[in-house]
Amino acid sequence: MEQEKKQFTIATAIPYLNAKAHIGHALEYVFSDVIARYHKQQGEDVVAIMGADEHGQKIARSAQDSGVTPQAYVDALVPKFLELHTALGVSYDRFIRTTDADHARIAQALWKKVQAAGFIDEREYEGLYCVGCEAFKTEAELVDGKCPDHLKEPEMIREKNYFFQLSKLQQALLEWYDAHPQWIVPQSKMNEMRAFIERGLEDISISRDVSKMSWGIPVPDDDSQVMYVWFDALPNYLTGAGVTPEMIASGDVSGSRWPVDLINLGKDINRFHAILFAAMLIAADLPLPKQLGVHGFISVNGQKMSKSIGNVIDPIDLIEKFGAEPTRYLLMAEIPFQSDGDISMEKLHDRYTADLSNGIGNLLSRTTTMVEKFCAQADECVCQESGFDASKAEEWKNEFAPHESAFAVAMRGMDFHIAIQQIQKIVSLCDEKLEQEKPWEVFKLKEEEFTARYGEALASLSYSLIGLRSIARLLQSFIPETAQKISKTVNVERIHHIRKAAPLFPRIELNK
RNA sequence: CGCGGGGUAGAGCAGUCUGGCAGCUCGCCUGGCUCAUAACCAGGAGGUCGUUGGUUCAAAUCCAACCCCCGCAACCA
């Protein structure tokens, strides 16, 4: 009997396709991929869901500006995002485009369920509409009562809209929060949302008049309206999880991957997930995702990344400079999941050199070089049997074990930068051991002395080999190909089969 | 008095709950080493722990007040 594998499903927030992929997307993808690979390594049955958010006013406008249809516009952008996935080695099992036909059916099924439950009604929406922007404006957006982009006073207009009765779900949301104190990671983001709810929720407009904005999923049974983009985008997780319209109608999602174990998203869209989506699901009597992971933003040299400052770092540039896997490592090492992180090319370069070239790469080089040299001599003058003393091996493993445990704790807590620190600690242990025991001195001894100290030298090298095996295991989620390379080099039956490894991370010059 | 997070070495951070020699990584200086990718190891310099006051044998840590920075403060995808 094959044992049932534990399932783990991770969804990643879908990017809004009104511009090309930036480093924030790269960061989010790598976070998700690292989590997915870690669970796979634990032997779980992992499904990763990603996608693209393709409807809404901004896209419609961007398309218009480019002189193409919205569909053509998003069709051209999707490959850019897929290229970034590929370039970063990020894999997914399902990629949901909100323009996919099956997604439209899910969004509509959810709408109907929420409507049937009595949480959607029709109202007059009254708002300040800027003709230039073709969009409603809030008071807060106006400068001196005028649209800052067009310097014109918006008109007060009315139109028919459907409203989602968020206010009725306030209490249910708070009850859900109380019952699931770990629902949002980090805790501070949960507190923000709770405070927000406690201030009182208002009903929100969830449809748009097609005469003003037609790029969206039609509201069921009403051709004059399309869905507000968030009401269409958020159910992508249901579509990705294999939920069907029938499941939504019945409320029985068994057979699908819903509810997902984790949705990984940026802090800017926390509210839409933690409040709007949660409320939609409660209204529809469907299970909520098990956890929201809210990650921070990247700043560059302490400044917000922006085109006007000119400090934008393109992920493709990073990949070209450092390589795909080092880029993954650097992002994970420098940006804590639970808060914002600041990077610069200098910082990334320093980290590359310290951790990868001088750390992991150099350790592999020095170790395998010595093993090869040592064993060449060993073949001539001593026995070529025996890897190393088994009891010693156990002892060494115990020295690495605390770091492996700390690594596991950090990974479960999504503290990836701390997990990476543990890997570097193992590297240091190996470097220190080699320095203390100086196996290379043994090479220089005359035959008799050499023979006498053979076991000792072999043991110190074995320490590093065991350390490298551990390092390869722990690196697996972060830089899988490199981890495999290390593993293949070091995990061989007999120590004298090991050959000098080529540099894993060649030094890189930082040209300013 | 809106809610929340933070201020510790040149940079980035841990330590604060539970008071007990102020730590880690990077950078810098000196020495050692030569197996290794000018790598590695050891030692060192560098701190009014935001400010002021209080409690205590003892405060980065507890208490009070104040200063500064940053998030959140809805239909923006």
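Residue numbering restarts at 1 for every chain, and letters A, B, ... go by the order of the sequence lines.
Protein atom CD of A:Q421 is 10 Å distant from nucleotide atom P of B:rC26, rounded to whole Å. Regarding A:E198, its CD atom lies at a distance of 16 Å from the P atom of B:rA74, rounded to whole Å. The nearest whole Å value for the distance from the CD1 atom in A:I269 to the C1' atom in B:rG71 is 16 Å. When the P atom of B:rG71 is taken as reference, atom CZ of A:F297 falls 11 Å away, rounded to whole Å. For the pair A:D232 CG and B:rC75 C1', the interatomic distance rounds to 15 Å; values are reported in whole Å. Spacing between atom CG of A:L276 and atom P of B:rC76 amounts to 13 Å, rounded to whole angstrom units. B:rG6 atom P lies 19 Å from atom CG of A:D342, rounded to whole Å. Atom C1' of nucleotide B:rA74 and atom CZ of A:F272 are separated by 7 Å, given to the nearest angstrom.
In the set B:rC35, B:rA74, B:rG71, B:rA74 carries the atom at the smallest distance from any side-chain atom of A:L201. Closest approach to the A:S205 side chain among B:rG2, B:rG12, B:rC75 is made by B:rC75 (side chain taken as heavy atoms from C-beta onward).
Spacing between B:rG46 and B:rG27 at atom C1', rounded to whole Å, works out to 12 Å. Distance noted for atom C1' between B:rC33 and B:rG15: 35 Å (whole Å). Nucleotides B:rC63 and B:rU25 have their C1' atoms positioned 34 Å apart, rounded to a whole Å. Annotation: B:rG6 and B:rG31 have their P atoms spaced 43 Å apart (nearest Å). Taking atom P on both nucleotides, B:rU61 is separated from B:rC17 by 9 Å, rounded to a whole Å. Rounded to the nearest Å, the gap between the P atom of B:rC40 and that of B:rC57 is 49 Å. B:rU34 and B:rA14: their P atoms are spaced 40 Å apart (whole Å). Across the C1' atoms, B:rG50 and B:rC29 are found 30 Å apart, a figure rounded to whole Å.
Contact check on A:K58 versus A:D53 returns no salt bridge, with no Lys/Arg side-chain nitrogen under 4.0 Å from an Asp/Glu carboxylate oxygen. Using a 4.0 Å cut-off between charged nitrogen and carboxylate oxygen, A:E159 and A:K212 count as a salt-bridge pair. Under the 4.0 Å criterion applied to side-chain N and carboxylate O atoms, A:K189 and A:E192 are assigned as salt-bridge partners. Salt bridge annotation for A:E124-A:K160: absent, with no cationic side-chain nitrogen under 4.0 angstrom from a carboxylate oxygen.
Between the side chains of A:T98 and A:N236, no donor N or O sits under 3.5 Å from an acceptor N or O. Side-chain atoms of A:D121 and A:Q165 include a donor-acceptor pair closer than 3.5 Å. Under the 3.5 Å distance criterion, with hydrogens and angles disregarded, no donor-acceptor pair is assigned to the side chains of A:E28 and A:T12.
Aromatic rings from A:Y352 and A:F322 are positioned such that their centres are separated by under 6.0 Å. Not less than 6.0 angstrom separates the ring centroid of A:F416 from the ring centroid of A:F407.
Residue contacts for A:K189: at a heavy-atom cut-off of 4.0 Å it reaches the sugar-phosphate backbone alone, with no base atom in range. Contacts of A:R351 with the nucleic acid, taken as non-hydrogen atoms under 4.0 Å apart, are absent. Counting any heavy atom pair closer than 4.0 Å across all strands shown, A:G216 reaches no nucleic acid atom.
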Response to the item:
Expected string for nucleotides 36-42 of chain B under the B/S/- scheme (protein heavy atoms, under 4.0 Å, primed atoms plus P, OP1, OP2 as sugar-phosphate) is BB-SBS-
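Listed pair A:R194 / B:rG4 fails the phosphate criterion, with no side-chain N or O lying under 4.0 Å from OP1 or OP2.
For the pair A:K168 and A:F119, the cation-pi test (distance below 6.0 Å, angle within 45°) is passed.
In RNA chain B, runs of at least 3 consecutive Watson-Crick or G-U pairs, each pair with both distances below 3.5 Å, span B:2-7 with B:67-72, B:10-13 with B:23-26, B:28-32 with B:40-44, B:50-54 with B:62-66.
The environment of NZ in A:K433 is crowded: more than 12 heavy-atom neighbours from other residues, nucleotides or ligands sit within 6.0 Å.
Nucleotides of RNA chain B nearest to A:E441 and A:N191 differ in position, and the one nearer the 5' end is that of A:N191.
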